[in-house]
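Down below is the structure, laid out as structure tokens.
Naming convention: chains lettered A, B, ... in sequence-line order (proteins, then strands); numbering from 1 in each chain.
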Protein chains: 2
Amino acid sequence: MSDQSDARARFLRLHDALRTRICLLDYPPGTRLSEETLAAEFGTSRTPLRRVLARLEDEGLVISQHGVGTIVTDVDPGEMARTYDLRRELAGLVGRLSPVAITDEIVAMGHDFLTRGEALLTNPEVRALARLNMEYFHFGTSLTMNEALRDTSERLYYRTARIWLKATSHLDLTEEIAIFLAELRDSLQALQARDAQAAADVRRAHISLCIARVNAARG
Amino acid sequence: MSDQSDARARFLRLHDALRTRICLLDYPPGTRLSEETLAAEFGTSRTPLRRVLARLEDEGLVISQHGVGTIVTDVDPGEMARTYDLRRELAGLVGRLSPVAITDEIVAMGHDFLTRGEALLTNPEVRALARLNMEYFHFGTSLTMNEALRDTSERLYYRTARIWLKATSHLDLTEEIAIFLAELRDSLQALQARDAQAAADVRRAHISLCIARVNAARG
DNA sequence: AAAGCTTTAGTTGTGCACAACCTTTATGCG
DNA sequence: CGCATAAAGGTTGTGCACAACTAAAGCTTT
């Protein structure tokens with residue numbers, strides 16, 4: 001017996017796997033995903049896999065067209081900018097709506113992120129940066145007890161993550177790592193002060209900077 | 001040929017129909033929805049219907065349990081309160097993130113809502129109030145061009161709509177209508193001033209009041 | 001050679017039969 | 001009578017075969 005039902009666990013696993021591949025640009029926008037091929041890879045039939053693709057479609061990451069295929073979406077820059085606007089506001093709300101009490105354990109996690117971030121400098125890789133950024137984002141949303149805020153923030157994060165990654169690959173990787181490290185240091189400082197609102201404000205500020213940077217990279 | 005593909009149109013139709021039934025308490029929390037019965041009612045097989053139920057499950061309105069059934073959820077009061085907190089903030093953001101220009105047509109729509117609201121006084125019905133409130137909510141989100149904000153607000157609205165309705169049925173209906181009318185009047189005033197931020201603030205304020213009222217009804 | 005039609009390969013959508021599972025009811029034993 | 005066990009009915013989950021559909025390649029005709 002598993003904690004969750006077998007089917008639900010597999011659903012979550014496949015969903016997370018495909019979402020990660022899309023957001024890490026393993027499947028760049030325009031890629032055609034074959035239900036049959038994916039089903040074979042994951043050792044199931046099309047039926048459970050279609051449930052996963054349906055959710056990805058609801059989340060705006062793919063779009064299924066009858067007779068054509070299931071295609072990874074590419075997002076309108078204007079809509080992306082507006083989504084970032086909302087993400088920025090939500091990041092600030094994490095500090096105001098049911099913030100958690102900052103424990104020693106949380107501070108230690110913040111310190112761990114910084115350590116791992118600094119390790120990126122010795123061996124700079126875009127994918128490693130993206131993965132750590134993704135993990136750090138989840139850490140950030142875990143600082144509120146407001147489930148709706150968490151879910152919404154994550155939903156929007158995964159919708160915009162690809163754009164950030166695409167823009168990053170056009171920028172100087174080492175510089176991007178340095179910027180990320182700066183955020184981690186500011187964040188750690190806020191956590192050490194046991195100030196959840198300050199931590200949220202750090203995230204908010206860096207999303208603002210990220211918006212400006214991506215806009216500048218586009219022209 | 002239809003504008004959308006046939007399948008997608010039907011999906012949206014079924015989804016909207018079931019979501020409305022759940023939020024209007026036609027299917028109160030705990031109700032067991034039979035896939036086969038619903039499929040028969042809508043003239044399809046289980047397959048397309050399961051796609052609809054899967055989305056409703058992702059939205060938190062039902063939960064499917066293998067061997068048991070698909071059951072309409074009932075929500076934890078604490079989580080509901082936190083969801084309302086977020087909804088309040090999002091309502092305020094509608095005025096700040098890409099607000100639309102208030103046109104004469106929009107003002108006319110606001111006036112129309114007021115007229116229809118006043119009509120409720122002569123024949124008070126909970127369902128009619130709930131339906132108008134739902135329609136008015138969509139009108140409110142249409143005042144921003146930010147798609148993500150619109151989608152998120154609606155998603156959260158449908159997640160909390162039932163709770164409001166359940167609480168309302170324990171309160172004085174005529175008084176609830178009067179409160180709703182006051183919101184419509186305040187809103188109309190803001191629209192006539194062509195002030196989108198003011199309109200958003202009106203909504204924000206009334207969500208705050210709604211939270212207090214629901215809390216008072218429970219305690 | 002070019003344009004239009006037909007064919008063909010490949011994809012997602014649908015319906016059905018069955019498997020897996022849970023709950024309730026019936027039954028047999030102490 | 002009480003309790004445990006089994007059996008039955010009903011529900012969601014899965015796999016498969018086929019339908020509906022699209023796009024591209026190939027063929028025919030001008």
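Contacts classified as ring-ring contact (aromatic ring centres under 6.0 Å, His included) and involving residues 21-76 of chain A (residues at least two apart or in different chains) are not found.
Between A/Arg155 and A/Asp58 there is no salt bridge, since none of the side-chain N atoms of the basic residue sits less than 4.0 Å from a carboxylate O of the acidic one. Salt bridge status for B/Glu154 with B/Arg19: absent, with no side-chain N to carboxylate O gap under 4.0 Å. Taking a cutoff of 4.0 Å between a charged side-chain nitrogen and a carboxylate oxygen, B/Arg127 and B/Asp26 qualify as a salt bridge.
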Quick tally for nucleotides 11-18 of chain C: nucleotides whose base has a protein heavy atom under 4.0 Å get B, sugar-phosphate-only ones S, the rest -, giving BBBBBB--
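When the salt bridge (charged side-chain N to carboxylate O under 4.0 Å, His left out) test is applied to B/Arg162, no partner is found at least two apart in sequence or on another chain.
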